[in-house]
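In what follows, residues are counted from 1 in the order of the sequence shown. Since the model is a prediction, treat every value here as computed from it, not as a measurement.
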Amino acid sequence: MLYATQSPHPFSFSILLYYQKPPNSTSEVIGVYEAMVLLGIGGTILYVTSLSMVADLIGFTVGSSAFVYGVMSFADKLFNGLAVQIAQALHPCTDARQNCGTYYRQLLVFVPAGAALVALVSLILLALLVTTKKHCREQKTDCSVMNPSVQDSESEPLLS
């Protein structure tokens, strides 16, 4: 739920950076720092949310938790490296004298906003799934996509 309430940070970063003019003086550079603070807040909240979701997924089966966190860390490093390689491969400038600031500006605007949007939609869908699952258990009805044999409580993992 933290991410749902704090998700405007990456979007406001993208909007602020999209409309930011190239700085001509020191006072205009402050807008870039403000945008980077918003990006840092949004990225941190996204990372903490993913860690808490992994902790909910692991639940009480702590025997494999080190492996799960290791795989998550490896996948994080791998996909970040792939994203950098893709960004460099799609670089439109062939000459060092060309001004390619627009490419990197659009990259910094649309990639974090897209990641924040995907995360927000995923969390909304997950919340709807959990709510539907709890509703089916309370009504003692058989939901075709749910497993009614699993008992739910606040101390059990989120995705059991």
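Hydrophobic clustering of Ile, Leu, Val, Met, Phe, Trp and Tyr side chains at less than 4.5 Å, counting indirect connections, unites Leu120 with Leu128. Following chains of ILVMFWY side-chain contacts shorter than 4.5 Å, one cannot reach Val68 starting from Val71, and the two form parts of different hydrophobic clusters. Linking Ile, Leu, Val, Met, Phe, Trp and Tyr residues whenever their side-chain heavy atoms come within less than 4.5 Å leaves Met36 and Tyr104 in two separate clusters. Cluster membership check: Phe74 does not share its hydrophobic cluster with Phe67, using side-chain heavy-atom separations under 4.5 Å among Ile, Leu, Val, Met, Phe, Trp and Tyr.
The heavy-atom pair separating Val62 from Gly59 by the smallest distance is CG1-O, 4.1 Å. Heavy-atom minimum distance, Pro112 versus Leu107: CD-O, 3.7 Å. Closest approach of Ile58 to Tyr69, counting heavy atoms only: CD1-CE1, 3.6 Å.
Taking CG of Leu117 as the start and CZ of Phe110 as the end, the distance is 12.5 Å to the nearest 0.5 Å. Atom OG1 of Thr44 and atom CG of Leu39 lie 9.0 Å apart (nearest 0.5 Å). Going from atom CG of Leu108 over to atom OH of Tyr103 covers 10.5 Å, rounded to the nearest 0.5 Å. With rounding to the nearest 0.5 angstrom, the CD1 atom of Ile124 is 14.0 Å from the CG atom of Leu129.
At least one donor-acceptor pair closer than 3.5 Å links the side chain of Asn80 to the backbone N or O of Asp76.
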Please walk me through it: do Val118 and Ser122 pass side-chain contact (heavy atoms from CB on, under 4.5 Å)? CA-CA 6 Å; Val118 167; Ser122 299; 4.2 Å; yes
